[in-house]
Amino acid sequence: MTRIGPVTVGASRVSDVDLALALLRSPFGQVDTSNAYGAGRSETVLGEALRSSPVAVRVFSKADADPVTGVFDGDRVKRSFEESVTRLGVDRLPIYHLHDPYTITLAEAAAPGGAIEALVGLRDQGLVDAIGIAAGPLDLVEAYMRTGAFDALLTHNRYTLVDRGAADLIAAAKARGMLVFNAAPFGGGLLAGSARAAGRYAYRPAAPEVLAQVDRLAALCREWSVPLPAAALHFSLASPDIDSTVVGVSSRSQLADLEALVSHPIPDGFLAAL
Ligand SMILES: NC(=O)c1ccc[n+]([C@@H]2O[C@H](COP(=O)([O-])OP(=O)(O)OC[C@H]3O[C@@H](n4cnc5c(N)ncnc54)[C@H](OP(=O)(O)O)[C@@H]3O)[C@@H](O)[C@H]2O)c1
């Protein structure tokens with residue numbers, strides 16, 4: 001099984017080579033992207049950065065449905081893989097997820113000629129080390145997990161300071177020996193203080209109860225002298241069932257902040273108090 005570090009830098013908002021280079025040179029050693037992020041721009045700039053400054057970084061990517069037709073069959077998975085490795089300038093990928101399979105049913109994905117067969121084929125050919133399912137709705141991710149075809153799972157926005165909905169799924173995946181990625185520990189930005197994400201959680205307007213909960217958490221953080229983003233990050237890092245937390249950055253200063261947040265001291269009892 002692929003060895004994995006505790007923090008993976010999310011590149012969904014990375015669109016310039018300068019930031020891509022900084023990501024590759026960061027101490028985290030792992031970057032998460034997908035065929036569809038920025039309509040291919042994320043992979044393209046990561047590939048340019050890798051060509052100009054080859055470094056030993058693991059880049060994880062994802063197969064996406066055809067952006068025009070929504071087709072997500074086995075042939076599309078193979079094409080999506082070819083597009084990704086071409087943009088990235090690599091021959092193979094350590095982890096390759098099926099990304100947001102919302103235009104197909106699980107039965108279609110699992111049918112002969114379907115997306116899952118194509119992913120398994122890539123793994124059998126040694127073109128990817130591990131295959132994963134990466135998506136939002138918990139019941140969908142769980143159903144894909146139960147096929148037994150996948151080595152890894154990525155859930156997002158559902159194991160955070162304000163939403164623990166994915167706790168059972170994460171435990172079940174770990175019990176199966178899967179690699180578990182917990183993405184979006186800041187809920188898409190709200191818990192990191194992003195101005196863009198103010199009032200929003202998981203890319204949507206947040207419910208008033210969620211915003212009230214964030215205010216209470218922020219007050220508790222002040223009492224303990226821990227910045228809220230550090231609390232949000234360490235909440236995920238502390239889970240023994242999570243192999244890697246996928247954190248998005250959209251600037252070099254956020255990347256520098258991420259390094260500081262990872263090493264921020266967390267007082268005994270603080271996480272329990274949360
Ligand atoms: N279906 C899937 O497979 C899926 C879904 C979601 C996420 N993911 C992966 O997980 C990664 C993380 O998710 P995410 O980026 O949506 O959410 P996130 O990690 O919860 O939040 C990242 C956002 O927080 C803000 N932020 C980070 N550091 C900050 C700082 N120091 N100061 C102020 N704001 C800061 C930035 O917002 P601004 O950009 O507004 O500044 C950044 O884009 C993605 O990049 C992607 O790789 C995968």
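The shown structure was predicted, so the numbers you read here are calculated from the model rather than taken from an experiment. Throughout, numbering of the chain's residues begins at 1 and tracks the sequence. We count ligands from 1, going down the list as the structure has it; atoms in each ligand are counted the same way.
- In terms of N/O distances under 3.5 Å, ligand 1 is approached by F186.
- Near D257, meaning under 4.0 Å from one of its heavy atoms, ligand 1 places the atoms 30 (C), 31 (N).
- Atoms of ligand 1 found under 4.0 Å from any heavy atom of H156 (numbered from 1 in listed order, with element): 1 (N), 2 (C), 4 (C), 5 (C), 6 (C).
- Listed by number with element, the atoms of ligand 1 under 4.0 Å from a non-hydrogen atom of K62 are 3 (O).
- Annotation for ligand 1: atoms under 4.0 Å from non-hydrogen atoms of A183 are 8 (N), 9 (C), 10 (O).
- No salt bridge links K62 with E43; every basic N to acidic carboxylate O contact stays at or beyond 4.0 Å.
- Between the side chain of R92 and the main chain of G126, a donor-acceptor pair closer than 3.5 Å is present.
- Near L154, meaning under 4.0 Å from any of its heavy atoms, are these atoms of ligand 1: 2 (C), 3 (O), 4 (C), 48 (C).
- At least one donor-acceptor pair closer than 3.5 Å links the side chain of Q30 to the backbone N or O of G5.
- For ligand 1, the atoms sitting less than 4.0 Å from at least one non-hydrogen atom of S250 are 38 (P), 39 (O), 41 (O), numbered in the order shown with element in parentheses.
- Checked by distance only, ligand 1 and S194 come closer than 3.5 Å through their nitrogen or oxygen atoms.
- Each of the atoms 1 (N) of ligand 1 lies under 4.0 Å from some heavy atom of D100.
- For ligand 1 and S12, the ligand atoms under 4.0 Å from any heavy atom of the residue are 44 (C), 45 (O), 46 (C).
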